[in-house]
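Beneath this line is the structure, given in structure tokens, with notes to follow.
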Amino acid sequence: MVFDEVKNFINGEFKSGSSNKIHAVISPLDGNELTTFKESTMEDLNEIISFAQKAQKAWQKVTLKERVQVFYKYKQLLEQNSTELTEIIYRENGKIHGEAKAEIDKAIELTEFACSLPQFVNGENMEVSKGVFCSSTKLPLGIVASIVPFNFPTMVPHWTIVNAIALGNAFILKPSEAVPISSQYTAKLLKEAGLPDGLFNIINGTQSTVENLCDHPGIKAITFVGSTKVAKIVYQRASHNLKQVLALGGAKNHIILLPDAHPDMASSNIVASMSGCAGQRCMAAATLIAVGNCDAILDKLIDDANKIQCGTTLGAVISKAAKERIESYITEAEQQGAKIILDGRNTIVPGKENGFYVGPTIIDYATADMKVAKEEIFGPVLTIVRVNTIDEALAIENANPYGNACSVFTQSGGLANYVTENASAGMCGVNIGVPVPREPFGFGGWNESRFGSGDITGKSAIGFFTKEKKTTTKWNPEAGTNWMS
């Protein structure tokens, strides 16, 4: 598959960035160049803002029920183009076809939720005193922007695109420089669905582009998904510029395994969680805390993980640098005395010798203070820490600075409740390896996995992308009978 130059999308047209700096987009599958794009400048952003302001003023006058009609058509286009969109994700991100297809399916579900917004965004009207009525309505913010990561080129942008625009805003997407191709097709399909020009825009670039988005006074709100280090920077910079900000960072998710867990269910779910999307997701299982004697389940888990085949059931990691970083964590853990049960270092896939692959890796007998047990690795690596009690396991989980996910595997409802009630995580699972909520429930972690308030998806997102207007009216001068009137 050959791709054209990646361009900005401004007022319904594709246009190259105005900088002379050119970036290559490399496929993780084989290390080959897929396409290029030019860095954007503040002049490019100013052009987007000028068109978006005009388009948004007209769009907010359209009723919500009318606005979402575009997304019914868009949903159909996602379904009709699913095969091609899947192939694009496979090429630019390196995940296997099944995972890429699941990402498109999730984008479709997110679009379905946007279509249902008229059922959720209902103004209130109440007679608060005799003859006195209070009402509230939700209005769009204006122009909003999203800065998105490489690991889900289509799904994560759809966390915000469809809701923000349906709620009456104009939208600017800043794709990851590693995977900007999918966004080009999002733009094409939205235009084909009938979305007016100027409402969906793309600006390509790197750090300077992110800084421009944080600084531009024409942007009212920003969402970010990426590492905690950058999430903090974006949150501080954009909020300093008086924007509404929700920045989602990294994670180090814990799974607490109890001896009574169902062996097959626990093993299959944990292996899928640690290896899915090559471990490059902020909800992946990273540290497995085995409570008591879980050897039989761990043996099954190791056997299942050993059946994974790179290039077939396990995709590539995003870059050579990522491969080297992941493998350095494994090497350091080995040097510190942990036992490498399954070693994914130096993996080469026949026919894709220049691809960036790390095989499934299981590290046992690690201690909670090792980097491999504490820091986000973002690869198909599972670290096992052994403890004697649930409270020891929870102490390790609670000490972790992040707070995206925690799961427990057990057949005891009481023990499951004890873990979910005491875990310091915004999303918990019982016998589920990746406890991502489905719409209308929102996605959002705690602690250093989130900066800002609310969730980025579901009903909580309505509050982020709108502002509320309250109106109090009184028409009958004789109605007042007490101080409230």
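What you see below is based on every heavy atom in this structure, not just the backbone, and it leaves out hydrogens, waters and symmetry mates. Sequential numbering from 1 along the given sequence is applied to the chain's residues.
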Q. Between the main-chain N or O of Ala405 and the side-chain N or O of Asn253, is there a donor-acceptor pair closer than 3.5 Å?
A. yes
Q: Carefully, step by step, assess Thr287 and Thr383 under the rule side-chain hydrogen bond (donor to acceptor under 3.5 Å, both in side chains).
A: CA-CA 5 Å; Thr287 299; Thr383 302; 5.1 Å; no
Q. Are side-chain heavy atoms of Ile255 and Ile289 found at a separation under 4.5 Å?
A. no
Q | salt bridge (charged side-chain N to carboxylate O under 4.0 Å, His left out) involving Glu376 - partner list, sequence neighbours excluded | A | none
Q | Audit row: Gln60, Gln56, side-chain hydrogen bond (donor to acceptor under 3.5 Å, both in side chains) steps and yes/no | A | CA-CA 6 Å; Gln60 70 177 357; Gln56 193 275 328; 3.3 Å; yes
(Q) Test salt bridge (charged side-chain N to carboxylate O under 4.0 Å, His left out) on Lys459 and Glu439; report intermediate values, then the result. (A) CA-CA 8 Å; Lys459 290 188 288 186; Glu439 268 55 41; over 6 Å; no
Q: Return yes if some donor-acceptor pair links the side-chain N/O of Asn169 with the main-chain N/O of Val144 below 3.5 Å, else return no.
A: no
Q) With distance as the sole test, does Asn163 use its side chain to make a donor-acceptor pair with the main-chain N or O of Thr457 at under 3.5 Å? A) no
Q | Backbone N/O of Ala166 and side chain of Arg67: donor-acceptor pair under 3.5 Å | A | yes
Q: Considering non-hydrogen atoms only, spot the tightest contact between Pro149 and Val156 and give its length.
A: CD-CG1, 3.6 Å
Q | Minimum heavy-atom distance Leu258-Ile297, with the two atoms named | A | O-CD1, 3.9 Å
Q.
I need the Cys134 SG to Lys470 NZ distance, nearest 0.5 Å.
A. 10.5 Å
Q: Could you tell me whether Asp295 and Arg386 have a side-chain N and a carboxylate O separated by less than 4.0 Å?
A: yes
Q | Test item: Thr228 side-chain N/O and Glu448 main-chain N/O as donor-acceptor pair under 3.5 Å | A | yes
(Q) Could you report the tightest heavy-atom contact between Asn201 and Gly198, atom names first, then the distance? (A) ND2-O, 3.0 Å
**Q.** Nearest-0.5 Å distance, CH2 of residue Trp446 to CE of residue Met427
**A.** 11.0 Å
**Q.** Among Asn204, Leu34, Ile202, the one residue meeting side chain to side chain contact (heavy atoms under 4.5 Å, CB included) with Val6
**A.** Asn204
Q | Gap separating the CG atom of Asn93 from the CD atom of Gln280, nearest 0.5 angstrom | A | 6.5 Å
Q: With salt bridge (charged side-chain N to carboxylate O under 4.0 Å, His left out) as the test, would you mind laying out the steps for Glu375 and Lys252 before giving the verdict?
A: CA-CA 6 Å; Glu375 297 182 4; Lys252 188 67 174 179; over 6 Å; no
Q.
Main chain of Asn269, side chain of Ser273: is a donor-acceptor contact present, judged purely on distance under 3.5 Å?
A. no
Q: List the atom of Cys282, the atom of Gly249, and the distance in Å for their closest heavy-atom pair.
A: CB-O, 4.4 Å
Q) Salt bridge between Lys374 and Asp369, side-chain N to carboxylate O under 4.0 Å? A) no
Q.
Against the six-membered ring of Phe152, is Arg281 placed for a cation-pi contact (under 6.0 Å from the centre, within 45° of the normal)?
A. no
Q: Taking all heavy atoms of Gly403 and all of Ser449, pick out the closest pair and write down the distance.
A: N-OG, 3.0 Å
(Q) Classify the ring geometry of Phe200 against Phe9: parallel below 30°, tilted from 30° to 60°, perpendicular beyond 60°. (A) tilted
Q.
With a 3.5 Å distance limit and no angle check, can you tell me whether Thr313 reaches the backbone of Gly311 through a side-chain donor-acceptor pair?
A. no
Q) Hey, do the aromatic rings of Phe120 and Phe113 have their centres closer than 6.0 Å? A) yes
Q: Check Phe464 against Ile222 and note the closest heavy-atom contact, atom names and distance.
A: CZ-O, 3.6 Å
Q) Within the side chain of Lys243, is there an N or O that forms a donor-acceptor pair under 3.5 Å with the backbone of Ile219? A) yes
Q) Hey, is Lys106 close enough to Glu109 for a salt bridge, meaning N to O under 4.0 Å? A) yes
Q: Could you tell me whether the side chains of Ser182 and Glu92 share a donor-acceptor contact shorter than 3.5 Å?
A: yes
Q: May I ask you to decide whether Glu192 forms a salt bridge with Lys188, counting only side-chain N to carboxylate O separations under 4.0 Å?
A: no
Q: Using the test salt bridge (charged side-chain N to carboxylate O under 4.0 Å, His left out), find all partners of Lys75 that sit at least two apart in sequence or belong to another chain.
A: Glu79, Glu112
Q) Side chain of Thr347, backbone of Gly359: donor and acceptor closer than 3.5 Å? A) yes
Q. Quick one: side chain to side chain donor-acceptor pair (under 3.5 Å) pairs with a partner in residues 395-417, sequence neighbours left out?
A. Asp260-Thr410
**Q.** Straight-line distance of Lys95 NZ to Thr86 OG1, nearest 0.5 Å
**A.** 10.5 Å
Q: Taking Lys174 for its side chain and Gly205 for its backbone only, find out whether a donor-acceptor pair lies under 3.5 Å.
A: yes
